[in-house]
K.L.:
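This is the structure I want to talk about, given as structure tokens.
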Amino acid sequence: MSEYESMADRDEALELSRAAPHHAWVLTDRDVWHRNPFYHGPEMPHPEDDGAHDFIADHGIDAWREATEAVRAAVIAAAEAKAREIADAPDPWWPDDPTP
């Protein structure tokens, strides 16, 4: 998919999302699923994630939501730790003792 097609796909997904805020995922004409940023309901698995559907069939939707929340929290914590590490690192392009 070219950059133009990708931008057009994202624009279409945004329009579809606005029109259907009650759907967690929207499908564009290019057969691409996008998470709906206007959806504010409970977490829903990707429509083509067979593993999630099998897990839900075995353990229930609430167990899947708890598992995905735990994974999401761990990913966010790792990203925040990396961001702090980068922010605290000395800047190699800006010396601590600038010359006049």
Side-chain angles (χ1 to χ4, degrees):
M1 186 181 301
S2 73
E3 185 176 340
Y4 174 76
E5 288 175 318
S6 181
M7 289 172 40
D9 192 59
R10 286 191 301 269
D11 289 344
E12 180 186 2
L14 192 58
E15 289 177 29
L16 291 170
S17 296
R18 281 192 185 111
H22 52 284
H23 292 285
W25 296 87
V26 294
L27 181 63
T28 62
D29 289 339
R30 290 169 185 83
D31 199 29
V32 177
W33 287 101
H34 295 266
R35 188 179 291 274
N36 186 343
F38 300 101
Y39 175 75
H40 296 293
E43 182 69 25
M44 298 299 292
H46 188 281
E48 295 179 6
D49 185 355
D50 292 335
H53 294 289
D54 293 343
F55 185 89
I56 291 167
D58 292 343
H59 306 286
I61 188 75
D62 291 331
W64 178 84
R65 288 183 179 138
E66 287 176 18
T68 55
E69 286 175 18
V71 169
R72 184 175 295 122
V75 169
I76 289 170
E80 288 173 346
K82 184 66 175 176
R84 280 192 301 274
E85 177 184 325
I86 291 169
D88 293 341
D91 187 351
W93 298 102
W94 191 261
D96 292 335
D97 187 9
T99 56

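Computed over heavy atoms, backbone and side chain alike; hydrogens, waters and symmetry mates excluded.
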K.L.:
Side-chain heavy atoms under 4.5 angstrom apart, residues restricted to Ile, Leu, Val, Met, Phe, Trp, Tyr: same cluster for W25 and L27?
P.N.:
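The answer is yes; both residues are in one hydrophobic cluster.
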K.L.:
What's the verdict on side chain to side chain contact (heavy atoms under 4.5 Å, CB included) for R10 and M7, showing C-alpha distance, side-chain angles and the deciding distance?
P.N.:
CA-CA 5 Å; R10 286 191 301 269; M7 289 172 40; 3.3 Å; yes
K.L.:
First locate atom OG1 of T68, then atom CE of M44, and finally report the distance between them rounded to the nearest 0.5 Å.
P.N.:
11.0 Å
K.L.:
Under the side chain to side chain donor-acceptor pair (under 3.5 Å) test, which residues partner R65, sequence neighbours left out?
P.N.:
none
K.L.:
By the ring-ring contact (aromatic ring centres under 6.0 Å, His included) test, which pairs, at least two apart or in different chains, include something from residues 63-89?
P.N.:
none
K.L.:
What's in the same ILVMFWY side-chain cluster as L16, cut-off under 4.5 Å, chained through other members?
P.N.:
V26
K.L.:
The criterion is side-chain contact (heavy atoms from CB on, under 4.5 Å); which residues satisfy it with A20, sequence neighbours excluded?
P.N.:
H22, H23
K.L.:
Kindly write out the residues that satisfy side-chain contact (heavy atoms from CB on, under 4.5 Å) with P21, not counting sequence neighbours, or none if the list is empty.
P.N.:
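Checked P21 against side-chain contact (heavy atoms from CB on, under 4.5 Å); matches are F38.
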K.L.:
What donor-acceptor contacts under 3.5 angstrom involve side-chain atoms of residues 74-90, with partners at least two apart or in another chain?
P.N.:
none

K.L.:
Measuring from atom OG1 of T28 to atom CG of L14, what distance do you get when rounded to the nearest 0.5 angstrom?
P.N.:
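Answer rounded to 0.5 Å: 12.5 Å.
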K.L.:
Residues two or more places apart in sequence or in another chain: which of them pass salt bridge (Lys or Arg N to Asp or Glu O under 4.0 Å) with E43?
P.N.:
R35, R72
K.L.:
Can you give the donor-acceptor pairs under 3.5 Å from side chains of residues 52-60 to other protein atoms, not counting sequence neighbours?
P.N.:
residue: H53; atom: NE2; partner: H46; partner atom: O; Å: 3.4
residue: H53; atom: NE2; partner: P47; partner atom: O; Å: 3.4

